[in-house]
Undergrad: 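I am attaching a structure below and will ask some questions about it afterwards.
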Amino acid sequence: MNARLQDRVCVVTGAARGIGFSIAERFGREGGRLACVDISAKRLEPAVGRLKDMGFETRGYEVDIGRRDDVLALFERVEREFAAPVAALVNNAVFARFEPLAQIAVDTVERMFAVGVHGLIWATQAVVPQMERRGGGSIVNLSSVSAFHPAKDSIAYSALKAGVVGLSRASAIELAAKKIRVNVIAPGMIGTPPSIAQFDEATIATRQAEMPAGRFGQPEEIAALAAFLASDDASYIQGAVITADGGWTVPAK
Ligand SMILES: NC(=O)c1ccc[n+]([C@@H]2O[C@H](COP(=O)([O-])OP(=O)(O)OC[C@H]3O[C@@H](n4cnc5c(N)ncnc54)[C@H](O)[C@@H]3O)[C@@H](O)[C@H]2O)c1
């Protein structure tokens with residue numbers, strides 16, 4: 001394994017499970033120093049324990065990414081505790097609900113955007129001065145193919161993930177001069193527990209058969225892309241939206 005992130009401080013939000021955990025693990029294998037952020041202390045503690053057992057320098061931070069003051073304090077704390085500025089940030093945390101229009105409630109949609117759009121802006125504001133101090137950095141934001149190819153009951157989620165694309169591409173333009181790259185991963189169906197919990201076995205089989213790849217993706221496959229984007233191998237990739245969906249959204253001829 002190339003240690004492309006050797007000694008770099010890497011912040012991963014929503015790192016306690018699913019794609020975020022896999023990204024943290026992959027970054028650790030690439031030599032990264034891991035700051036794992038999650039709202040759930042119950043999930044974060046064992047996740048940090050597993051990463052430490054794998055031999056990675058890991059610290060856990062129980063923070064609600066939707067609260068600006070807490071996010072600003074988080075990045076100050078990370079820099080202080082690692083004694084180095086942050087080199088890579090993966091904005092992966094999500095609060096998502098899938099509901100038809102008539103059922104979308106004010107609280108739900110406000111919470112979704114607080115975590116999944118506002119939180120990314122606060123984290124970006126907080127990390128940029130640190131990345132500037134170290135001469136650059138990489139920000140990877142998790143969107144979804146739903147931004148462009150909405151599924152049923154995904155009005156709020158599609159809006160959320162389209163918002164991620166917009167804020168990322170606008171950030172990429174503004175931050176390029178500071179040598180900070182901002183890119184987006186748009187996964188298709190990834191076999192994480194919450195994403196497959198919504199389906200029974202027959203539906204999972206049908207869904208997988210619909211995909212050119214014949215299967216859902218694995219969190220590790222998204223983690224591999226995140227590691228590439230965070231590394232210097234992606235030095236000329238700026239403002240890109242990279243789909244990882246096994247060909248699901250390629251229109252059939
Ligand atoms: N799983 C998929 O099929 C899929 C597909 C497309 C896009 N995505 C995107 O990938 C990312 C990860 O998805 P996942 O399936 O691994 O999600 P998940 O629900 O398994 O994990 C999300 C993590 O974020 C944490 N979190 C939630 N709110 C938070 C907050 N306010 N502050 C800090 N942490 C918080 C949760 O506790 C959880 O550990 C998300 O942005 C999601 O939208 C996932």
Side-chain angles (χ1 to χ4, degrees), residues 11-26 35-48 50-51 60-71 73-75 89-98 107-108 110-123 126 139-151 154 156-165 167-168 184-199 204 207-208 211 213 215-223 225-226 241-246 248-249:
V11 176
V12 182
T13 72
R17 72 175 183 193
I19 293 171
F21 180 83
S22 286
I23 291 172
E25 179 181 348
R26 175 68 188 238
C36 295
V37 182
D38 208 284
I39 197 171
S40 165
K42 197 171 119 240
R43 284 196 289 266
L44 186 60
E45 206 178 306
V48 167
R50 280 172 65 197
L51 293 162
Y61 298 89
E62 185 194 335
V63 172
D64 177 351
I65 221 72
R67 297 170 67 96
R68 186 172 185 272
D69 290 350
D70 294 355
V71 173
L74 161 73
F75 282 87
L89 163 65
V90 183
N91 284 308
N92 164 84
V94 72
F95 173 78
R97 293 290 179 270
F98 298 88
D107 288 358
T108 308
E110 283 183 356
R111 183 70 184 146
M112 283 176 69
F113 277 77
V115 177
V117 168
H118 304 179
L120 272 62
I121 297 172
W122 312 146
I139 301 173
V140 179
N141 293 331
L142 269 290
S143 177
S144 164
V145 294
S146 294
F148 313 104
H149 302 274
S154 69
Y157 186 71
S158 297
L160 184 78
K161 292 304 185 179
V164 171
V165 172
L167 76 87
S168 302
V184 178
I185 299 177
M189 274 294 302
I190 307 303
T192 56
S195 69
I196 49 177
Q198 47 179 324
F199 305 126
I204 290 175
R207 284 292 186 97
Q208 301 210 86
M211 301 190 177
R215 64 175 179 85
F216 295 159
Q218 293 302 314
E220 295 76 15
E221 293 175 294
I222 303 304
L225 178 53
V241 181
I242 303 182
T243 296
D245 70 348
W248 190 26
T249 58

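We count residues from 1, following the sequence as given. These numbers come from the heavy atoms of this one structure, side chains and all, not from hydrogens, waters or symmetry mates. Start at 1 and go down the list; that is how both ligands and their atoms are numbered.
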Undergrad: Looking only at distances, please establish whether an N/O atom of ligand 1 is found under 3.5 Å from an N/O atom of Gly20.
TA: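 For ligand 1, there is no N or O atom that lies under 3.5 Å from one belonging to Gly20.
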Undergrad: Between Ile196, Asn141, Val94, Val145, which one has a non-hydrogen atom sitting closest to atom 28 (N) of ligand 1?
TA: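 Nearest heavy atom to atom 28 (N) of ligand 1 lies in Val94.
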Undergrad: At a 4.0 Å cut-off, with the gap strictly under it, does some heavy atom of Ala186 reach an atom of ligand 1?
TA: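 For ligand 1, residue contact (heavy atoms, under 4.0 Å) with Ala186 is absent.
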Undergrad: Any N or O on Asn92 sitting closer than 3.5 Å to an N or O of ligand 1?
TA: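 Yes - when backbone and side-chain N and O of Asn92 are compared with those of ligand 1, one distance drops under 3.5 Å.
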Undergrad: Tell me which part of Ala93 gets within contact of ligand 1: side chain, backbone, both or neither, using heavy atoms under 4.0 Å.
TA: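 For Ala93, backbone and side-chain atoms both sit under 4.0 Å from ligand 1.
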Undergrad: For ligand 1, is any non-hydrogen atom under 4.0 Å from Tyr61's backbone (N, CA, C, O), its side chain (CB onward), both, or neither?
TA: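 Neither part.
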Undergrad: Can you tell me which residue and heavy atom of the protein come closest to atom 32 (N) of ligand 1, and the distance to 0.1 Å?
TA: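 Ranked first by proximity to atom 32 (N) of ligand 1 is Ile65 N, 3.0 Å.
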Undergrad: Looking only at distance, does Asp64 have an N or O less than 3.5 Å from an N or O of ligand 1?
TA: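 Asp64 vs ligand 1: N/O contact under 3.5 Å present.
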Undergrad: Hey, does Thr13 sit under 4.0 Å from ligand 1 if you only count heavy atoms?
TA: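 Outside the 4.0 Å threshold, so no.
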Undergrad: How far is atom 21 (O) of ligand 1 from the closest protein heavy atom, and which atom is that?
TA: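 Result for atom 21 (O) of ligand 1: Arg17 NE, 3.5 Å.
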Undergrad: Please report which non-hydrogen protein atom sits nearest to atom 8 (N) of ligand 1, along with the residue it belongs to and the distance in Å to one decimal place.
TA: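 Looking only at protein heavy atoms, the one closest to atom 8 (N) of ligand 1 is Tyr157 OH, 3.7 Å.
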Undergrad: List the closest protein heavy-atom neighbour of atom 24 (O) of ligand 1: residue, atom name, distance to the nearest 0.1 Å.
TA: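 Of the protein heavy atoms, Gly14 CA, 3.3 Å lies nearest.
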Undergrad: Looking only at protein heavy atoms, identify the closest one to atom 3 (O) of ligand 1 and say how far it is in Å.
TA: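 Checking every protein heavy atom, the shortest distance to atom 3 (O) of ligand 1 gives Ile190 N, 2.8 Å.
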Undergrad: Using a 3.5 Å cut-off on N or O atoms only, is Ile19 in polar contact with ligand 1?
TA: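 Ile19 vs ligand 1: N/O contact under 3.5 Å present.
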Undergrad: Specify the protein heavy atom at minimum distance from atom 1 (N) of ligand 1: its residue, its atom name, and the distance to 0.1 Å.
TA: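 Here the nearest protein heavy atom works out to Thr192 OG1, 3.0 Å.
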